[in-house]
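Worksheet: the structure to be examined is printed underneath.
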Amino acid sequence: GIMYTEGTYDAANKTITLKGKVVDPVTGKEKEVTEIMKIVDDNHQTLEMYEPSATGKQFKSMAIKFTRK
């Protein structure tokens with residue numbers, strides 16, 4: 001599916017925070033998601049994704065570490 005997000009860049013923390021919506025493939029219902037991308041240095045970045053659990057509380061559903069080859 002397609003996930004559409006918008007957000008802001010915090011230059012002091014080198015962090016991009018994106019918020020948006022995606023259709024949950026399990027339930028078929030739309031849910032809100034948050035992605036936080038951090039520029040660690042010139043060769044490393046991290047990406048974390050948060051979404052609501054069954055109780056509605058946000059949890060980290062994905063974490064990726066990028067390293068330049």
Side-chain angles (χ1 to χ4, degrees):
I2 296 174
M3 178 171 53
Y4 179 78
T5 59
E6 291 185 346
T8 58
Y9 176 65
D10 179 350
N13 294 314
K14 295 183 180 179
T15 302
I16 301 168
T17 302
L18 302 165
K19 294 186 180 247
K21 295 182 179 183
V22 65
V23 174
D24 185 327
V26 176
T27 64
K29 296 180 181 178
E30 194 173 69
K31 64 181 175 182
E32 294 187 16
V33 294
T34 301
E35 291 184 324
I36 300 173
M37 179 173 263
K38 170 90 173 159
I39 301 168
V40 179
D41 58 37
D42 289 342
N43 296 309
H44 300 89
Q45 297 177 2
T46 61
L47 174 65
E48 296 178 341
M49 184 168 147
Y50 296 85
E51 59 185 272
S53 68
T55 64
K57 184 177 179 180
Q58 292 284 319
F59 74 99
K60 186 191 311 184
S61 60
M62 178 180 69
I64 302 173
K65 293 182 180 181
F66 298 96
T67 303
R68 186 188 311 265
K69 183 173 182 179

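When reading the values below, keep in mind they use all heavy atoms of this one structure, side chains included, and skip hydrogens, waters and symmetry mates.
Between Leu18 and Met37, every side-chain heavy-atom pair lies at or beyond the 4.5 Å cut-off.
Residues Met62 and Met3 fall within the same hydrophobic cluster, defined by Ile, Leu, Val, Met, Phe, Trp and Tyr side chains chained together at heavy-atom separations under 4.5 Å. Residues Leu47 and Val22 share a single hydrophobic cluster, defined by chaining ILVMFWY side chains whose heavy atoms lie under 4.5 Å apart. Val23 and Tyr50 sit in two unconnected hydrophobic clusters of ILVMFWY residues. Membership requires side-chain heavy atoms under 4.5 Å apart, directly or through other members. Residues Phe66 and Ile16 are members of one and the same hydrophobic cluster, defined by side-chain heavy-atom contacts under 4.5 angstrom among Ile, Leu, Val, Met, Phe, Trp and Tyr.
Between Lys65 and Thr46 the shortest heavy-atom distance is CG-CG2, 4.3 Å. Heavy-atom minimum distance, Val26 versus Asp24: N-OD1, 2.7 Å.
No donor-acceptor pair closer than 3.5 Å links the side chain of Thr15 to the backbone N or O of Asp10.
Within 6.0 Å of CG in Asn43 there are more than 12 heavy atoms belonging to other residues, nucleotides or ligands. Remark: Lys31 NZ is packed, more than 12 non-hydrogen atoms of other residues, nucleotides or ligands lying under 6.0 Å away.
Here the OG1-NZ distance, from Thr17 to Lys38, works out to 10.0 Å after rounding to the nearest 0.5 Å. Here CD1 of Ile39 is found 5.5 Å from CD of Gln45. Values are rounded to the nearest 0.5 Å. Considering OH of Tyr9 and NZ of Lys14, their distance stands at 6.5 Å, rounded to 0.5 Å. Taking CD of Glu51 as the reference point, atom OG1 of Thr34 lies at 10.0 Å (rounded to 0.5 Å). Glu48 contributes atom CD, which lies 10.5 Å from atom CD1 of Ile64 (distance to the nearest 0.5 angstrom). Distance check, rounded to the nearest 0.5 Å: CD of Glu30 to CD of Glu32 gives 8.0 Å.
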